[in-house]
Structure formats: structure tokens, C-alpha cells
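First the structure, then my questions, so here it is.
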Number of protein chains: 2
Amino acid sequence: MVTKTSMADVARAAGVSKSTVSRALAGDSRVKEATRLRIEQAAQELGYIPNRIARALARGRTEMIAVVTPTPPRSFSDPFYLEFLGGLGDRVMEAGYSLVITSPGAGGSPANSLAELAAGRVVDGAVLTEVQVDDPRLALLRQAPLPFVVLGTPEDASGGVVPGVWFVDGDNEGGARQVVEHLLSLGHRRIACITGPLHLVSARRRLAGYLQALQAAGVAPSPEWVVEGDFTREGGLRAGQRLLEARLLDLREPGSLTAIFASNDLMAIGVLEALRGAGLRVPEDVSVAGFDGIYLADLLEPSLTTGAQPIRALGRMVAELLLGRLGAAGGDRAAVPEQIGAVGRRVVVPVQLRVKGSTGPPRGR
Amino acid sequence: MVTKTSMADVARAAGVSKSTVSRALAGDSRVKEATRLRIEQAAQELGYIPNRIARALARGRTEMIAVVTPTPPRSFSDPFYLEFLGGLGDRVMEAGYSLVITSPGAGGSPANSLAELAAGRVVDGAVLTEVQVDDPRLALLRQAPLPFVVLGTPEDASGGVVPGVWFVDGDNEGGARQVVEHLLSLGHRRIACITGPLHLVSARRRLAGYLQALQAAGVAPSPEWVVEGDFTREGGLRAGQRLLEARLLDLREPGSLTAIFASNDLMAIGVLEALRGAGLRVPEDVSVAGFDGIYLADLLEPSLTTGAQPIRALGRMVAELLLGRLGAAGGDRAAVPEQIGAVGRRVVVPVQLRVKGSTGPPRGR
DNA sequence: TTGAAAGCGTTACCAA
DNA sequence: TTGGTAACGCTTTCAA
């Protein structure tokens, strides 16, 4: 235990008052040059480092930003979130903020911990991920004095965008549509969709995109083609197995599926495993496509065809928006492409179809 | 902006003093039942949530733990660290702590930000990753009043373990030896090693394991078999290409390598790419083995033979040790296998050879 | 240009 | 069992 030096010590050593030390170290221009130098030297010699907690209490700002990570079964080890977090973290740390990772699951109810965050003055702002339809956290945060930005489009049950909320999102619907259109263009007609948890906005939108593409192509999907998953690899594996058990992937059957659209890459990976386990080849027997464009998708064999979101860029944009709201130095509003200038700032970025090795023409074509 | 309620408001509403409110809410047994109830109700009604910053200042504890992530080119998107972080995060959040992610790169020099962390009283403890030989951060932290635990063995230049430091590590040397012995047992003799950055302890130890295994088998490695990488996929790719350019992977040459040991899985993935690019098949033409056992390793085709560390468990153990040092509720010392009871608590966990599809007998055997 | 002193919202010690 | 009152270490008026 080393005796820690406080501002008072520096003041004493430099022969000035605490106030002056505070001003000098904050770069206040009203401090005489000579005094500042003397203070800086004293601080240096004493190894003084300001107590950020005390500063935070006095200033009312902590220079920390909270990231509320997905709830189980996705955790923050979800590759998508980690890549996102990378982009977010890089940008906010550049601006001098730290990231506080809080899991909504641990230590109380989600709403509870969020409320504590908001009122506990621990962070200056928050990033919400994994938005649900009619997300109760939004009301909570909006009435709290905590600026926040959402990753994902905040929708209510009727499909309307919740006003007044700042958010960044990929074009889930359009992206999913593109991916399914790609499968259709290869000649597939019987295409399954493994969805995310349908209380999540992103999951619904991707499902909508899938349905739109089929409808536009005049394909009427059988209800059993759509399986609800949970955005995890295990969930994808289970969903794949369910399709197998339902004999929907039996090549000898006439009504067999020829392609599977998984609503995220992680589930697609699970599906690949399920198929491999059943001795089916990809893409020769079945085509598989995913969504997200996590970097893992490229490392698989076969590499995964997917609707790629600019994941790290999403993180950076969320950071930019939030920094802008915080009035932070370096929070450059102009850097954020503004889509709609209405109530709340909304950024929706396009999703890019990335055709790789996991999709090909259906068998027998 | 909602008017926030402070403890004083609750006190007024309940007709007691701040002290009593503080005690009541902290569950102090000396508060009369009736009073506690009255206070709790008042707090409830007013929507009172304690200011954690003020509490932290008063108590001297913030209930936050810092994780110092690897420096570039590895970032915290490195899969190994992410899995580790998952284990760590789960455990510390269970115990009521939040995780603060600080990048040593951003906002100043590594040492600087670390010193600020230590003295800034922002966190109660810290986790260090990516230890270097003679790591300067250790001295810094040890003289600071901040409990910390290291992921990796803190070594000085002479190979001795720095005393007084708590750490958790996988058995790098033994693990690497096992992996290389596996290659030798398959009949390989000309085995390359792609190392990590050699200022890192883990990289050195894995190299040592490789050399030991070869020596024990009576194989004298040619200097050009050893290529220094950087633990990234790109680094692995480059290293693989270097071996190719050096004509060490030309099957027509008599001295061609038959196997490659990459010091971590991520580099092994890069090597696989390099080989694929050169039209070499794995394991028919060349065997490839990695280290770490990241979950990605299993998803590759071929799946990767590797020296598997219990990555998430490493995270949990680090958490356990740190919580123990913090005297945290739920910090269960007994849960941590204690290897050496000397100065500092040291946990070294075995590495398990996981034989998968990327290794096989050398060509022509 | 500097200093004194009043916060910031808790906790914790000491009396009562 | 409760209340008064210092801390905690900094920032920020307000005066000088």
C-alpha cells in the first residue's frame, strides 16, 4: 500500500491552494505560467494522479459509457457483439471514455440494473443492444437523465419506430431479402428460414425480408420451413436437427428443402454442423446462407454466403452518435450519415450480399 | 431531465436522518424494523436510487474491475481474449462487479493509463493480460494500491517467475511439447514453428516446448523452421507465405517441411489460408497444429488439432483469485486449485492435446 | 491571478 | 436505535 498523494499535497508542495492546483491541472488559462510550471513539477515529483471518482462526484460526469450486452443465451461472447464492441470501444476510448460492460442478467433484473445505471451516475451515457419489440427499457431510459443510443431499430408492436430514440441499425429487412433473392436466383424454391428470437426487432425484420423475397418470387412458404432459433450456434444446430427430423432435408423426398437461410451467421454455423452430422454436403446437397458478416464466416469451409453488415462501423457510428449527445470533444456529428432528421437521430446502413462457398444451385440443376 | 432524489429526500420523507437511511438501506441490523420499513417505502415511492459515485468516494470502493486488453495488433477482438473475457465477466458480474474495459493503446501510453487506473480509484482491482517478459506494468501495479491478477506467467528475462504476483496460466511449455510430440509420433521430422511475438512470455514458452520436443526426439531444427509471428491471423498468413517463399513447403524438395506448429489457433488459421492459397492440402500434404483451443478451431474444415486450454475456465479462475483478493462476497478461495502456496498465488492449468483433422502422417508414409 | 469555502451524495465514527 | 458531523478528494463559485 503506497501512500497516495492528493491534490492537497501538491498544493502544499507548490505553495499554492487546492483551487489553483485544480485549475492549473485542468489547463485553466487564468493560471500564471510560472505557477502552473511549479505545480506541474510538484505533481510530477509526488507522482500525483487525480482521483477520478472524486472528480466525477464534483463534476457530475464520469467519462464512462455503459454497454448493455445481450441477455443469455447470447452473452457478450457473441461474435457479432464483440466485433461491434471493438468498433465502439475504439472510438469512445479515442475520445477519452472507458467502457463499462454490464450484463443485464447479473445482479438483479434487467430493468433494475438499467435503472441503477441511469440513476446511479456511474456512466455518462449508455449503449443498448438487442432491442425487443416494445422494449420496456426505452421508456425507462428516456425518462432518466441518461443519454443513450440503441443498436437496432426500436419498434413498437405495430411496427412503428419509437420516436425520440437515437439509433443505428443495419437494413435487416432489405439485407435478408437480398440474401434470399440470391438463393432464389440460383434456382432454389424450397428455402427454410431459421429466425432469431421473435421478440427481437432484428429477428422479425429478417423474417419479414425472407417472406417478402419469397412472395415476390411467387413462392408460398410452408409453415414448417420457418423455425424459431435463438441467434446462438447451439440454437442453429438444434434448428437444423429439427429440419432433419422433420424429413425436410431428405434428398429422396420430393418436397425436400434445397436451401436454408439462417438469420445470423452463428446459427448458420450451427446449421452447417447439423448438416455435416447428417452427411449432407454444402452447397452440393443444400445451400446455406447467413446474416451479419462476422469475420468468422469467412474462415469456415465452405465460407459462408451472408448478408454482411459493417459491424465494426456500426460500433463506431453508435459511438459517434453518443459522443455527439454527450457533447464530447471529438464527437463529430458530421461524421455520422444522417438518414432521417426527424425526432431522434436514425442511421440505417445498407447490408451487403457477400456470396461465398456455402451457396450454389440446387441439386439436379 | 428527471429530478433525481437523494438520500436527504428520503430522510425527510421518512422523518429520519440521512444516517439512518444509509444504514437501513445497507441492511444494518441496528435499524428498528418499523423504521426500516418506513424508509424503504419512502425510497420506493420517491424512486430513490443511490448514487454509486458518491458511495464509491465515501467507501473507497467502486465495485468495478478493470481488464487491460492486449495491445494492437491483437485487439480485444482476439477470439482467445473474448472467450476469456466471457468467463471472467460471468464470474465477476455474479459477484456484483462491473467490468471496465480499458485499452492500453487509447488515450495515452500503456503505462500511463494503467497508472491512472491504479491511482485514479476507478476500479477496485485489475486483470492484466498479455504479459511480457520483464513486464514493466507489474512493478507499477505492485507499488500501487491496486489488487490485480495476471493472465499468464510473469517472468523476468532470466526465466524466473516474478515473486508476489498472482496469476493464472495454461501450461504453455508442456502444452506445446505435447502438440509437437503428437506430430513427431505421426512420423513428422521436419516441423516448422510459427511463434508469437517473442517479447511475450507465452510465445517464448511455447517455442521452448517445441524445441524441447524436437530435441528429445533427436531432431535438430533448422533456424529457418522458426518464424516469428504476432498471434494474429494475418500474421499466420504472412508466416505461412514466408515458408512458401522460402521453398520450405515445396513437396518436390527433399528438405520440405511436413508439418507446421502455429503457436496459437488464430495463426494456424492464417497458415491454413496460406496453404490453401498455394494449393496444398491439409493434412495430406502438410499437417498443421495450433494452440489455445478457441472454439473456432473446431468449426474449421479440416478441424484444427490443437493444444487446448480451458479458456473460459481461465477467465473464471482469474476472477476467483481477484475476488478473493478483494475480499469479495462470493470470492471463494477454495474454488481455486492452488498449485504453489509461495509468494503470490499461482495457478497453472494443464493443456490438453486435442487431435482433429488437420494433422496426419507425413506424405509417403 | 489566487484563495477560501461551499458543495457533490454517500458512509462511518462518535455521541446521545 | 438514532442523529450529528466529519470525512472522501475534487470542482467551482465568489471574493479578494
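Below, read A as the first sequence line, B as the second, and so on, with proteins coming before strands; counting in each chain starts at 1. Because the structure is predicted, anything quoted here is derived from the model rather than measured.
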Check B:Glu40 with B:Arg36, please: is the shortest side-chain N to carboxylate O separation under 4.0 Å? yes
B:Thr153: which residues meet the side-chain hydrogen bond (donor to acceptor under 3.5 Å, both in side chains) condition with it, sequence neighbours left out?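 In terms of side-chain hydrogen bond (donor to acceptor under 3.5 Å, both in side chains), with neighbours along the sequence ignored, B:Thr153 is linked to B:Asp169.
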Protein-proximity profile, nucleotides 6-14 of chain D, B/S/- by nucleotide at the 4.0 Å heavy-atom cutoff, equals --BBBBBB-
Mind checking what makes side-chain hydrogen bond (donor to acceptor under 3.5 Å, both in side chains) contact with A:Gln44, not counting sequence neighbours? none
Angle by which the axis turns from one end of the helix from C:dT1-D:dA16 to C:dA16-D:dT1 to the other, five pairs per end, to 10 degrees: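 The two end axes of the helix from C:dT1-D:dA16 to C:dA16-D:dT1 meet at 40°.
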May I have the distance from B:Glu33 (atom CD) to D:dT2 (atom C1'), rounded to whole angstrom?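 So the CD-C1' distance, B:Glu33 to D:dT2, works out to 16 Å.
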Applying salt bridge (Lys or Arg N to Asp or Glu O under 4.0 Å), name anything that partners A:Asp124, two or more places apart in sequence or on another chain.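 With neighbours one apart ignored, the set is empty.
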If I take atom CG in residue A:Leu25 and atom P in nucleotide C:dT2, what distance separates them, rounded to the nearest angstrom? 14 Å
Per-pair distances, 0.1 Å, donor-acceptor, side chain in residues 15-22 of chain A, under 3.5 Å, sequence neighbours excluded:
from    : atom 1 : to      : atom 2 : distance (Å)
A:Ser17 : OG     : A:Ser19 : N      : 3.4
A:Ser17 : OG     : A:Thr20 : N      : 3.4
A:Ser17 : OG     : A:Thr20 : OG1    : 3.3

All side-chain hydrogen bond (donor to acceptor under 3.5 Å, both in side chains) counterparts of A:Asp134, not counting sequence neighbours: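 Counting only residues at least two positions away or on another chain, A:Asp134 forms no side-chain hydrogen bond (donor to acceptor under 3.5 Å, both in side chains).
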Mind checking what makes salt bridge (Lys or Arg N to Asp or Glu O under 4.0 Å) contact with B:Asp156, not counting sequence neighbours?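 Once residues adjacent in sequence are excluded, B:Asp156 has no partner under the salt bridge (Lys or Arg N to Asp or Glu O under 4.0 Å) criterion.
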When the distance from CG of B:Asp28 to C1' of D:dT1 is rounded to whole Å, what number comes out? 10 Å
For A:Arg61, give me all partners under salt bridge (Lys or Arg N to Asp or Glu O under 4.0 Å), at least two apart in sequence or on another chain. A:Glu63
So, using salt bridge (Lys or Arg N to Asp or Glu O under 4.0 Å) as the criterion, who are the partners of B:Arg12 when residues are at least two apart?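 Expected list: B:Asp9.
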Mind running a 4.0 Å heavy-atom check of residues 35-46 of chain B against DNA chain C and sending the residues that fall below it, in number order?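 None - not one residue of the stretch has a heavy atom sitting under 4.0 Å from the strand.
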Could you give all pairs that pass the side chain to side chain donor-acceptor pair (under 3.5 Å) test and reach residues 45-55 of chain B, with sequence neighbours left out?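 Checked against side chain to side chain donor-acceptor pair (under 3.5 Å) - neighbours excluded - the pairs reaching residues 45-55 of chain B are B:Gln41-B:Glu45.
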